Trainee: 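Structure provided below as structure tokens; questions to follow.
Nothing here was measured: the structure is a model prediction, and the numbers come from that model. Both counts, for ligands and for their atoms, begin at 1 and track the order of listing.
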Amino acid sequence: METVYLNRNPTAKSILELVSSVDDEQICYDHLAFRTFGVNGYGINSLASLFLDYGYTQKEELRFPAKKLKALWFSPPNSSSQDGGSGVNGPLPRVFISELLVDQLSPRAQEIVRKYTKKSGSGNKYAALASALGSLTWEKPLYSEFQQLAGESEYAAWTLVNGYALNHVTISTHRLKSNLRNIKSLNEFIKKNGFKLNSDGGVLKGLLLLQTCITVLLETAPMLALWRYKMLKLFEKFNASTSSISVSPDGLLLQSSTVADSMPCSFSDGVVESVPCSYIEFAERLVLPQYKNLSESEIKESHRRDGFEVGNADKIFESTSKEQLTRRA
Ligand code: OOG
Ligand code: NI
């Protein structure tokens with residue numbers, strides 16, 4: 001799966017090379033992520049079964065009502081045999097799999113998704129194999145069908161042309177050794193080298209900040225200390241958002257991602273058009289408050305913030321959106 005991903009996504013490949021040119025010891029993957037159609041047995045479970053059979057454990061569910069998505073994440077079995085290598089040869093990553101709630105789409109969009117999953121035969125049984133081979137388990141669609149889906153759900157259009165391909169790998173920044181272990185420094189480094197990061201509209205966020213400041217001011221007007229504290233927190237969060245980093249409400253999970261690469265796709269009607277492929281993500285998991293007195297050398301992955309966050313993920317999904325792909329750097 002990683003080989004297919006690196007061959008198709010020059011940005012992800014270059015960034016991994018760039019990071020290892022500075023931090024040559026080991027690059028650990030925090031997680032791997034996949035997208036699926038939640039219909040006729042083609043959903044999360046079609047891919048999850050392989051990981052479950054190899055000892056992964058199912059964890060929390062995440063819901064994205066506006067995007068009509070649901071996701072599950074899986075934690076890896078404890079294994080120390082692989083701890084020395086890089087990438088897929090390193091410590092086992094978490095796995096994040098989402099599915100489109102196809103029943104909630106318009107009849108026309110449902111028709112397209114159901115048409116291709118039906119044509120796939122028993123493709124869902126070989127989801128992981130298809131991902132590793134880089135093949136779709138259904139035929140290439142018509143360009144008009146791709147466009148129709150894209151108008152309603154960019155996730156649906158992405159999945160129709162990319163199938164079970166790895167959607168992204170995530171570099172675990174806190175497990176790096178150089179100053180890139182700080183996600184902020186890593187982001188600056190990536191931007192300095194000419195790569196574009198996924199960012200959510202800065203201007204809108206600015207207005208939102210102003211509005212929130214006024215609300216907080218009104219709420220806490222007689223309590224100066226509290227007001228100062230709340231403002232400080234607000235600005236911290238705002239700074240993170242304008243530098244493309246998503247922060248979980250507890251402040252312990254920090255994530256950012258690149259904008260997806262594009263590839264020409266030959267549709268079944270002969271049209272060749274560029275479509276979004278995959279991107280690369282960065283995650284920094286901070287040490288949980290109850291372990292903050294441990295020394296640097298004592299801190300293990302299990303002492304850090306685990307899991308995923310709906311707010312962060314909601315933004316990361318946009319890494320393959322047209323808005324991000326066509327945005328000026
Ligand atoms: C997954 C987006 C969410 C995360 O780490 O929260 C995500 C996707 O784009 O399919 O990767
Ligand atoms: Ni991710």
Trainee: How large, to 10°, is the angle at the Ni ion (ligand 2) when you draw lines to NE2 on H168 and to OE1 on E281?
Mentor: 90°
Trainee: Just distances here: any N/O of Q255 and N/O of ligand 1 closer than 3.5 Å?
Mentor: yes
Trainee: Are T320 and R35 linked by a side-chain donor-acceptor pair shorter than 3.5 Å?
Mentor: yes
Trainee: For the NZ atom on K67, are there more than 12 heavy atoms of other groups (residues, nucleotides or ligands in this structure) within a distance under 6.0 Å?
Mentor: yes
Trainee: For atom 3 (C) of ligand 1, which protein heavy atom lies nearest, and how many Å away is it?
Mentor: A313 CB, 3.6 Å
Trainee: With heavy atoms of F96 as the reference, note each atom of ligand 1 found under 4.0 Å away.
Mentor: 1 (C), 3 (C)
Trainee: Is it true that D306 and R94 make a salt bridge, defined as a side-chain N closer than 4.0 Å to a carboxylate O?
Mentor: yes
Trainee: Which of parallel (below 30°), tilted (30 to 60°) and perpendicular (above 60°) describes F51 and Y56?
Mentor: perpendicular
Trainee: Just need the protein heavy atom nearest to atom 10 (O) of ligand 1, so name the residue and atom and give the distance.
Mentor: R35 NE, 2.8 Å
Trainee: Does N167 come within less than 4.0 Å of ligand 1, judged by its heavy atoms?
Mentor: yes
Trainee: Using the benzene-type ring in the case of Trp, are the ring centres of H31 and F308 under 6.0 Å apart?
Mentor: yes
Trainee: Just let me know how E309 lines up against ligand 1, side chain, backbone, both or neither, with a heavy-atom cut-off below 4.0 Å.
Mentor: neither
Trainee: Considering only the protein, which heavy-atom contact is closest to atom 1 (C) of ligand 1, and what is its distance?
Mentor: F317 CE2, 3.4 Å
Trainee: Backbone, side chain, both or neither: what part of Y155 comes under 4.0 angstrom of ligand 1, heavy atoms only?
Mentor: neither
Trainee: Does the structure place the NZ or CZ of R181 under 6.0 Å from the centre of the six-membered ring of F189, at an angle of no more than 45° from the ring's axis?
Mentor: no
Trainee: Mark yes when over 12 heavy atoms from residues, nucleotides or ligands other than R108 sit less than 6.0 Å from its CZ; otherwise mark no.
Mentor: yes
Trainee: Numbering the atoms of ligand 1 from 1, which are under 4.0 Å from a heavy atom of H31?
Mentor: 5 (O), 11 (O)
Trainee: Which residue owns the protein heavy atom closest to atom 7 (C) of ligand 1, what's the atom, and how far is it?
Mentor: E281 OE1, 3.7 Å
Trainee: Which protein heavy atom lies closest to atom 9 (O) of ligand 1, and at what distance to 0.1 Å?
Mentor: Y279 OH, 2.6 Å
Trainee: Would you please indicate yes or no on a ring centroid separation below 6.0 angstrom for F317 and F64?
Mentor: yes
